[in-house]
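Some notes on the structure that comes next.
Note on naming: letters A, B, ... go to the chains in the order of the sequence lines (proteins, then strands), and numbering restarts at 1 for each one.
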Amino acid sequence: MGVFRGIHDWLDERFGWAELTAVLKKKTVPVHRFSYWYFLGGMTLFLFVLQVLTGILLLLYYRPTSSGAFESVSYIMTQVKFGWLVRSIHSWGANLMIGMAFAHMFSVLFLKSYRKPRELTWVSGMVLLLLALGFGFSGYLLPWNTLAFFATTVGTDIAGQIPAIGHWLLVFLRGGDQVTGATLTRFFGFHVAVLPGLATLFLLLHLLLVQRFGISVPPRIEAEWEAQPQKRRELHFFPNFLLREMMAWYIALGVLGALAALLPWGLGTKADPFAPAPAGIKPEWYFLFMFQTLKWIPAKIWFFDGELLGVLGFGVAGLLWLLLPFFDKGPSHRISRWVTGIGIFMLFYVLSMTVVGYIAK
Amino acid sequence: MTIEDIAALRDSRAWLPPLLLLLALSCLFPAVSYAQTRNTCIECHSLLDPPLRVTQEDFSQDIHSQKGLTCAACHGGDPTSDDPNVAMGRAAGFRGKIEHNRVPEVCAKCHSDVAYMRQFNPSLRTDQLSQYRTSVHGRRLAQGDARVAVCTDCHGLHNIRPASDSRSRVHPLNVAETCARCHADSQYMKSYGIPTDQYAKYKASVHHEALVVRGDLSAPTCTTCHGNHGATPPGVASVEFVCSTCHAFQAQLFDQSPHKDAFTAMSLPGCVTCHENHRIVHPTDALLATNENSLCGRCHSSGDPGFEGAQTMHAGLARLQAAMEKSDEVLGQAERSGMEVSQARLAESQARDALTKARVTIHSFTPARVAADVQEGLKVSHATLEAGMQALAERDYRRKGLGITVFAIIVVLIGLWLWIREIESKKGSA
Amino acid sequence: MQTEKSDGPAPREAGAGPTRRRLIGFILGGGLIASAASFLYPLLRYLLPPPSADLGSDTVVAGKIGELKPNSGKIFAFGSRPALLVLTAEGEYRALSATCTHLNCTVQYRTDLREVWCACHNGLYDLNGRNISGPPPRPLQQYDVHVRGDEIIVSQSRGA
């Protein structure tokens with residue numbers, strides 16, 4: 001213990017360490033029947049850090065060219081010691097992270113934590129969700145297998161549907177007109193440099209805002225506590241809440257390890273740009289609800305192109321979702337009820353369309 | 001227009017002569033162009049009923065017509081005359097319908113003339129007639145049989161296409177069907193005393209499947225083995241030579257085998273004795289079996305070296321097959337557990353190659369040589385099986401490792417939980 | 001979720017506290033060390049590269065100098081496909097795809113014919129891969145051969 005004391009004093013003399021830790025020591029987490037949802041944010045962060053670590057490890061062996069990508073991933077899976085573990089954790093972790101991010105977003109929505117003064121926290125969080133989807137989309141192509149190749153072709157095709165900028169966006173994403181080795185290199189650049197840079201920025205912003213404003217309490221609970229102040233309960237973040245978070249993180253590690261060992265992520269066959277697309281190409285599950293919706297929209301609605309309307313529809317919906325805090329200002333607002341209702345509907349919609357997309361041919 | 005112009009027009013001396021000249025010239029044009037392609041034969045015969053009916057549509061498909069020849073090239077006569085007596089007159093050399101037995105000579109008038117054919121296609125053969133005369137069809141025709149095939153029976157009458165045209169009746173894809181028109185007609189062939197099931201048998205063969213179904217033009221059809229113009233079934237001694245033009249390796253092995261002399265002594269043809277001639281199906285290992293219904297059992301009986309040799313070879317193949325199946329099973333298990341065994345899967349194809357090679361080496365009828373090939377295959381199969389077992393062992397190692405890690409994690413979880421309880425029972429929360 | 005209670009879970013004797021603490025510390029510490037080891041061990045093994053380098057799909061070491069005698073050939077694996085390495089009588093190395101373009105049998109080098117032969121249906125190719133006789137409809141793909149030290153490196157033809 002003397003060693004820790006010594007380091008503590010050394011840091012304190014130079015950086016005012018004690019002052020900093022004093023602030024952090026004061027950080028609390030409200031305790032009520034919905035408090036378990038507070039774990040989701042930290043879990044998403046933990047999974048993101050795990051992705052960065054396993055991603056860096058993969059970088060030691062991965063080659064981002066059309067002639068080397070598949071072979072290097074195959075090499076990692078079969079030759080590199082515990083390469084299968086690192087790669088499967090990365091692939092499974094990606095899916096868990098995105099799932100967790102969606103869950104975190106919906107819980108924030110239903111607990112109404114996006115309200116004033118936390119509007120920018122919500123906006124930065126939505127940006128992070130978008131970046132996470134970008135990570136997922138760009139990372140999916142990197143093994144350069146058949147499924148990924150065609151899923152990327154379909155996905156960038158849909159991006160190309162956006163009016164005015166669509167074609168430019170498609171060419172920008174693909175690094176050309178078709179999905180080729182150039183696309184792979186570009187997606188690799190996005191995945192390991194551009195997106196991590198942006199994500200770090202927004203993550204810092206997001207975390208800073210959370211620290212600044214503290215953890216929000218749902219309106220109903222707030223009302224209860226105002227009526228009966230003795231019911232108010234709070235937990236120190238350090239060490240109490242953090243210890244609980246560590247339990248959750250350890251469980252997550254166990255789950256990822258089990259998934260990697262029992263359900264290793266497959267490799268498939270190397271992409272052949274000249275082969276015809278296999279039947280039933282689908283994007284990854286987190287895009288399925290949009291993909292399935294687009295498949296169900298009729299080809300023409302009035303005189304508008306159905307797919308275009310679908311893409312625009314999602315764009316508008318996303319924008320409204322992003323600006324949610326600016327519409328919903330308080331519990332007495334009628335809009336508040338609407339938001340909850342729409343939130344439930346969207347959650348149900350996303351879940352059911354994902355399931356339909358999964359089982360559809 | 002001025003009054004003077006109208007007055008000028010009225011003067012027919014101005015415009016009548018040029019107009020008449022124009023009319024006269026225009027009458028000539030059709031005559032000029034008409035004369036080059038005029039075929040009065042077709043003009044009348046396209047209006048007649050069959051069998052005299054020949055339309056321009058039909059004849060324009062004919063290679064001869066496309067090269068600028070007319071009806072007169074074969075039938076004689078004058079294709080430019082409207083008068084039937086002239087067009088089909090003796091003076092113009094009209095021959096009328098060519099008698100069936102004279103057809104080869106008529107065709108050969110041009111097709112055996114090297115200098116003549118050189119004008120049209122220097123690389124076309126010109127020995128069809130001399131070949132035909134050696135064929136069964138040609139020889140019987142010479143004896144007066146009017147029912148055998150002549151040129152037109154196979155190549156068509158007035159819409160003859162080159163053999164390279166896939167619509168031609170003698171294109172490789174269509175040859176068997178053309179031969180079958182007579183040779184599968186049991187009524188027609190009754191007096192000849194030869195079977196009429198060749199086409200049906202051929203259709204069940206691998207050669208038919210390769211040629212007609214898969215479109216592999218290198219696969220044999222009737223004419224490949226029997227010859228086309230000189231069509232004659234190969235004699236007993238030459239069957240092996242015919243098959244060996246493609247199946248050279250098997251023939252080589254057979255020649256070195258004890259069966260070669262034995263078959264020659266018994267006047268048995270090589271190859272088809274075991275594989276049949278028309279109904280050549282994909283051989284199975286059952287051909288080597290030694291039960292009463294098997295091939296080997298027809299000559300060999302229990303106790304003789306041939307019988308034992310067949311048993312040995314059969315057993316070797318069965319052993320290799322079993323090893324390959326076992327390896328496949330284990331690799332499948334490993335794959336289903338999520339292990340990466342694509343390299344071993346690729347290596348499996350080498351075992352399949354070895355099995356194929358062993359099955360070919362059978363034609364040497366020397367068990368030692370077959371055993372050598374089987375050994376090669378077994379080596380590969382054992383290696384892939386080993387790889388599969390290693391994959392399963394790796395899977396178990398991972399699961400053990402997982403177990404240890406999960407155990408450690410559970411210990412941590414318990415420790416954390418206890419610690420939380422500990423500090424909260426004392427300190428409490430804010 | 002634990003909340004504070006003014007009373008402890010049960011009245012404890014003095015002295016049981018530190019012992020409990022030590023036990024919990026032992027469990028927690030032991031668990032942390034064990035779990036950390038089970039994370040670090042794979043990590044450290046991962047960081048060290050395996051003995052066989054990953055050259056990629058378009059380059060393969062086909063053999064060593066001296067393995068082949070002049071006018072002989074051997075089959076080697078080029079990625080997932082069989083390939084043929086030939087040392088001609090003149091001392092030149094040639095590498096071709098060994099999958100026959102007719103029905104995918106594996107071809108071989110015939111020292112007597114000095115050409116590439118397919119045993120299945122008597123197809124023949126010359127040493128440039130050109131199909132010169134028999135059923136094969138297309139030539140065999142040619143590969144580039146380079147000698148590096150005593151290794152014979154075969155790679156996908158560039159610009160071909």
Side-chain angles (χ1 to χ4, degrees), chain A residues 25-31 35 70-71 73-89 91-92 143 145 232-270, chain B residues 327-328 330-349 383-430:
Chain A
K25 277 211 176 73
K26 286 223 214 77
K27 182 174 154 73
T28 62
V29 175
V31 174
S35 289
F70 184 82
E71 289 73 18
V73 177
S74 175
Y75 185 72
I76 289 170
M77 293 292 283
T78 56
Q79 304 287 338
V80 178
K81 291 274 175 285
F82 293 102
W84 58 271
L85 184 65
V86 174
R87 195 241 166 173
S88 279
I89 288 183
S91 302
W92 273 114
N145 55 18
R232 180 174 225 109
R233 299 272 178 270
E234 276 177 9
L235 203 61
H236 280 298
F237 188 82
F238 291 101
N240 305 59
F241 189 74
L242 190 60
L243 284 175
R244 289 172 171 81
E245 275 213 304
M246 278 188 67
M247 285 180 75
W249 293 352
Y250 255 78
I251 293 175
L253 278 176
V255 166
L256 277 173
L259 286 171
L262 301 173
L263 295 170
W265 204 263
L267 191 52
T269 52
K270 181 168 176 175
Chain B
S327 153
D328 185 60
V330 171
L331 285 175
Q333 250 190 314
E335 269 173 341
R336 278 188 297 277
S337 319
M339 304 306 294
E340 252 299 306
V341 288
S342 47
Q343 278 299 110
R345 279 291 189 203
L346 290 167
E348 272 189 320
S349 67
T384 56
L385 180 68
E386 185 63 35
M389 303 293 268
Q390 270 178 3
L392 289 177
E394 168 73 16
R395 178 199 62 174
D396 294 336
Y397 169 76
R398 290 182 191 183
R399 290 181 179 180
K400 270 204 287 269
L402 175 69
I404 295 172
T405 307
V406 167
F407 177 71
I409 286 176
I410 289 176
V411 170
V412 170
L413 288 173
I414 292 175
L416 281 173
W417 183 67
L418 288 174
W419 192 10
I420 289 170
R421 263 195 18 164
E422 178 67 23
I423 58 177
E424 276 169 18
S425 65
K426 277 228 209 88
K427 278 167 42 178
S429 344

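Contact annotation for B:T405: neither backbone nor side-chain heavy atoms come within less than 4.5 Å of a heavy atom of chain A. If you measure heavy-atom distances from B:F407 to chain A, you find no contacts under 4.5 Å at all. Neither the backbone nor the side chain of B:E335 comes within less than 4.5 Å of any heavy atom in chain A. Contacts between B:L413 and chain A at a heavy-atom distance below 4.5 Å involve backbone atoms as well as side-chain atoms.
Crowding of A:K81 atom NZ: a count of heavy atoms from other residues, nucleotides or ligands under 6.0 Å not exceeding 12. In B:Q343, the CD atom is not crowded: 12 or fewer heavy atoms of neighbouring residues, nucleotides or ligands sit closer than 6.0 Å.
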task: Applying side chain to side chain contact (heavy atoms under 4.5 Å, CB included), run through B:R398 and A:L85 and close with a yes or a no.
output: CA-CA 9 Å; B:R398 290 182 191 183; A:L85 184 65; over 6 Å; no
Stepwise side chain to side chain contact (heavy atoms under 4.5 Å, CB included) test for B:E340 and A:L267: CA-CA 8 Å; B:E340 252 299 306; A:L267 191 52; 3.7 Å; yes
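Expressed to the nearest 0.5 Å, how far CD1 of B:I409 lies from CH2 of A:W249 amounts to 14.5 Å. Taking CG of A:L243 as the reference point, atom CD of B:E424 lies at 8.5 Å (rounded to 0.5 Å). Taken to the nearest 0.5 Å, the OG atom of B:S342 stands 10.0 Å off from the CE atom of A:M77.
Within the 4.5 Å cutoff, the side chain of A:L262 has heavy atoms near those of the B:L402 side chain. Taking 4.5 Å as the limit, every side-chain heavy atom of B:M339 sits out of range of all side-chain heavy atoms of A:W84. Here the side chains of A:M247 and B:V412 are not in contact, with every heavy-atom distance at 4.5 Å or above.
No other option in A:A260, A:P264, A:G257, A:S88 has as many heavy-atom pairs under 4.5 Å with chain B as A:P264.
In summary, of the residues considered (A:M246, A:R244, A:E245), a side chain to side chain contact (heavy atoms under 4.5 Å, CB included) with B:L416 occurs for A:M246 alone.
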